[in-house]
Amino acid sequence: QVQLLESGGGSVQTGGSLRLSCVASGDTYGSFCMGWFRQSPGKEREDVARIASDGSATYAEAIKGRFTASRDNAKNTLYLQMNNLKPEDTAMYYCAAVESGGRCYTVPGGVKFEFNYWGQGTQVTVSS
């Protein structure tokens, strides 16, 4: 199984920034679509961002323009730069992976591949 480990969470005030990291095990990271998800108590899991092996990324509307996903395939590492954080961003953040040949969609703008590897999460708390 692929192992994913998130880090970088913490507590910040409104308007602050954090950078999350996710390190993946294995030698096939370059063939993975990677994603970030979040979940807070009483709410459903939310898709935050996903990024293909070539670095192309898509984002949820709620965070578009504030968060940036990136990846370093040589280091098997995924990042999420979070700027201008808001209290509603408070959640447990998870990284995820699927071995899809590197794509995140069956075709551009099409059906999303489902993730089957998940990290344990890192907590982000934003105070007002």
Side-chain angles (χ1 to χ4, degrees):
Q1 296 185 21
V2 173
Q3 302 291 320
L4 304 174
L5 180 61
E6 305 97 332
S7 63
S11 298
V12 298
Q13 292 185 320
T14 298
S17 297
L18 287 171
R19 190 180 77 157
L20 307 184
S21 299
C22 173
V23 179
S25 66
D27 298 325
T28 58
Y29 180 79
S31 69
F32 293 170
C33 169
M34 301 294 296
W36 286 104
F37 294 80
R38 65 186 183 185
Q39 188 169 26
S40 56
K43 299 178 66 176
E44 294 184 345
R45 188 177 64 199
E46 179 183 8
D47 193 341
V48 174
R50 55 187 67 217
I51 182 167
S53 61
D54 66 358
S56 59
T58 57
Y59 301 93
E61 192 67 28
I63 57 86
K64 190 175 297 182
R66 298 188 296 118
F67 294 6
T68 302
S70 61
R71 61 192 290 168
D72 186 335
N73 292 340
K75 297 180 178 179
N76 283 14
T77 303
L78 171 73
Y79 303 97
L80 184 68
Q81 179 67 47
M82 304 186 295
N83 297 323
N84 193 23
L85 284 160
K86 303 175 180 180
E88 53 262 42
D89 296 319
T90 295
M92 184 73 75
Y93 283 71
Y94 301 88
C95 72
V98 56
E99 191 169 5
S100 59
R103 298 178 298 159
C104 290
Y105 298 86
T106 56
V107 297
V111 176
K112 299 175 182 178
F113 284 101
E114 298 290 337
F115 293 97
N116 59 348
Y117 297 109
W118 295 85
Q120 296 185 51
T122 183
Q123 179 68 39
V124 171
T125 302
V126 185
S127 60
S128 60

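Treat the numbers as computed from the prediction; the structure is a model and nothing was measured.
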Can you name the closest pair of heavy atoms from [X] and [Y] and give their distance?
| X | Y | result |
| --- | --- | --- |
| W36 | D47 | O-OD1, 3.8 Å |
| Q81 | L18 | NE2-O, 3.6 Å |
| K64 | Y59 | CE-O, 3.8 Å |
| A24 | L4 | CB-CD2, 3.4 Å |
| R103 | A52 | CA-CB, 4.5 Å |
| R66 | L85 | NH1-CA, 3.9 Å |

So, do [X] and [Y] sit near enough that their side-chain heavy atoms are less than 4.5 Å apart?
| X | Y | answer |
| --- | --- | --- |
| D89 | F67 | yes |
| Q39 | F37 | no |
| I63 | R38 | yes |
| D72 | Y79 | yes |

Donor-acceptor pairs under 3.5 angstrom involving side-chain atoms of residues 114-123: please list them, not counting sequence neighbours.
{"from": "T122", "atom 1": "OG1", "to": "G9", "atom 2": "N", "distance (Å)": "3.1"}
{"from": "Q123", "atom 1": "NE2", "to": "A91", "atom 2": "O", "distance (Å)": "3.3"}

From [X] atom [atom1] to [Y] atom [atom2], the distance as rounded to the nearest 0.5 Å:
| X | Y | atom1 | atom2 | answer |
| --- | --- | --- | --- | --- |
| S70 | L78 | OG | CG | 7.0 Å |
| C95 | L5 | SG | CG | 8.0 Å |
| S53 | M34 | OG | CE | 11.5 Å |

Residue pair E6, Y93: steps toward the side chain to side chain contact (heavy atoms under 4.5 Å, CB included) verdict | CA-CA 8 Å; E6 305 97 332; Y93 283 71; over 6 Å; no
Donor-acceptor contact present, side-chain [X] to main-chain [Y], <3.5 Å:
| X | Y | value |
| --- | --- | --- |
| T14 | S127 | yes |
| T125 | T90 | no |
| R71 | C33 | no |

Would you say Y94 and I51 are hydrophobically clustered, going by side-chain heavy atoms of ILVMFWY under 4.5 Å?
->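 In one cluster with Y94: I51, no.
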Can V48 be reached from V12 by stepping across I, L, V, M, F, W or Y side chains whose heavy atoms are under 4.5 Å apart?
->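 Yes; tracing contacts between hydrophobic side chains, which count when under 4.5 Å, links both residues.
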Can you list the other members of the hydrophobic cluster that holds Y105, where links are side-chain heavy atoms under 4.5 angstrom apart?
->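 In the cluster with Y105 there is nothing else; it is isolated.
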